[in-house]
Amino acid sequence: MALMGSAISGEVGLRMLLSPAGSNIVVRTACCAVGIVLPVFSTFKAIEKKDSNDQEKWLIYWAAYGSFSLVESFSDKLISWVPFYYHVKFAFLVWLQLPSHCGARRLYEGHLRPFLLRHQASLDRLLKLVSRELEKLVSRHQQEISFLEGVIMKSASALKAITHPGRHQAEAPPEQTDEAPPER
């Protein structure tokens, strides 16, 4: 009986995902889950298991996904209007990960790796230039960066106090006083 219940909920989920009349929010959320959440957890597991084959698989996935995201970020305004774009994106993200298709590996070896090998020297020069400029920017604005870091740390601390009120006080170091310790 439980098996039938999961089949029904799976069918409902699939219908919601593939429904052209439905909101894109469902399929966009599925893209995020399949494209980012699942791979992050799978990458974590590969690192923790120290499985070099799995680590290589997920590194290749991230190279393919990152390249796709880069292209998508520049063409987002245009392609997001294409009917069923997010459905195609979802299918593409699944294809990248499916072991039976090795989509990420095929994309990497067939297109990404040859492109990067061909342009490696130019990209190295560009990254070196960008790195130098970022170092200059950071050194010129060190005060502002330190101020921002302080604001972020205080905000994180305040958020932690709000979300975990009992823990925050217990973790705080005891206050030092000028009083002498009590005699025993």
Side-chain angles (χ1 to χ4, degrees), residues 1-131 133-134 137 148 152 155-156 159 163:
M1 187 69 170
L3 186 60
M4 186 187 333
S6 67
I8 291 172
S9 63
E11 184 179 333
V12 169
L14 192 58
R15 284 180 191 257
M16 280 183 64
L17 184 63
L18 299 176
S19 170
S23 168
N24 270 345
I25 192 76
V26 174
V27 72
R28 289 176 77 179
T29 302
C31 285
C32 183
V34 167
I36 300 171
V37 176
L38 178 63
V40 164
F41 187 66
S42 297
T43 303
F44 159 76
K45 286 176 29 180
I47 292 168
E48 293 301 310
K49 287 191 311 186
K50 297 178 181 18
D51 181 341
S52 59
N53 289 335
D54 254 4
Q55 289 172 357
E56 180 182 336
K57 171 189 168 186
W58 289 108
L59 275 171
I60 288 172
Y61 170 81
W62 286 113
Y65 179 82
S67 301
F68 168 73
S69 292
L70 187 63
V71 169
E72 184 184 38
S73 69
F74 287 110
S75 58
D76 186 36
K77 298 295 180 204
L78 176 68
I79 60 178
S80 64
W81 288 95
V82 173
F84 300 107
Y85 166 70
Y86 290 104
H87 294 81
V88 172
K89 179 180 176 180
F90 177 79
F92 174 72
L93 293 171
V94 169
W95 175 79
L96 283 178
Q97 295 177 43
L98 281 176
S100 59
H101 294 283
C102 300
R105 182 170 295 281
R106 289 168 63 184
L107 183 66
Y108 176 79
E109 290 175 355
H111 302 283
L112 188 57
R113 184 172 185 271
F115 174 83
L116 292 173
L117 286 172
R118 191 170 41 253
H119 300 287
Q120 185 173 1
S122 300
L123 290 170
D124 281 339
R125 282 193 301 277
L126 177 65
L127 288 176
K128 192 179 229 179
L129 174 69
V130 169
S131 177
E133 292 302 314
L134 282 174
L137 180 74
L148 250 158
I152 291 169
S155 299
L159 184 61
T163 57

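Just so it is clear, the values below take in all heavy atoms, side chains as well, and ignore hydrogens, waters and symmetry mates.
- Distance check: Ile79 CD1 to Tyr86 OH gives 8.0 Å after rounding to the nearest 0.5 Å.
- Taking CG from Asp124 and OG from Ser131, the interatomic distance works out to 11.5 Å, rounded to the nearest 0.5 Å.
- Between Tyr61 and Tyr65, the ring-plane angle classifies as parallel under the 30° and 60° cut-offs.
- The closest side-chain heavy-atom distance from Leu93 to Lys89 is below 4.5 Å.
- For Cys102 against Pro99, the heavy-atom pair with the smallest separation is SG-O, 3.2 Å.
- Tyr85 meets the ring pair (Phe, Tyr, Trp, His ring centres under 6.0 Å) test with no other residue; sequence neighbours excluded.
- Proximity of Leu107 to His111: side-chain heavy atoms (C-beta onward) are separated by under 4.5 Å at one or more points.
- Separating the NZ atom in Lys57 from the CG atom in Asn53 is a distance of 10.5 Å, to the nearest 0.5 Å.
- Annotation: the span from Ser122 atom OG to Leu116 atom CG amounts to 11.5 Å, rounded to 0.5 Å.
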Walk me through whether Phe115 and His119 qualify under ring pair (Phe, Tyr, Trp, His ring centres under 6.0 Å). CA-CA 6 Å; Phe115 174 83; His119 300 287; 4.5 Å; yes

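- Looking at Arg105 and Glu56, their side chains come closer than 4.5 Å, going by heavy atoms from C-beta outward.
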What side-chain donor-acceptor pairs closer than 3.5 Å can you find for residues 33-47, not counting sequence neighbours?
unit_1 : atom_1 : unit_2 : atom_2 : d
Ser42  : OG     : Leu38  : O      : 3.0
Thr43  : OG1    : Pro39  : O      : 2.6
Thr43  : OG1    : Trp62  : NE1    : 2.8

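- Shown here for Leu112 and Ala63, the closest heavy-atom pair between the two residues is CD2-O, 3.5 Å.
- The CG atom of Leu59 lies 9.0 Å from the OH atom of Tyr108; values are rounded to the nearest 0.5 Å.
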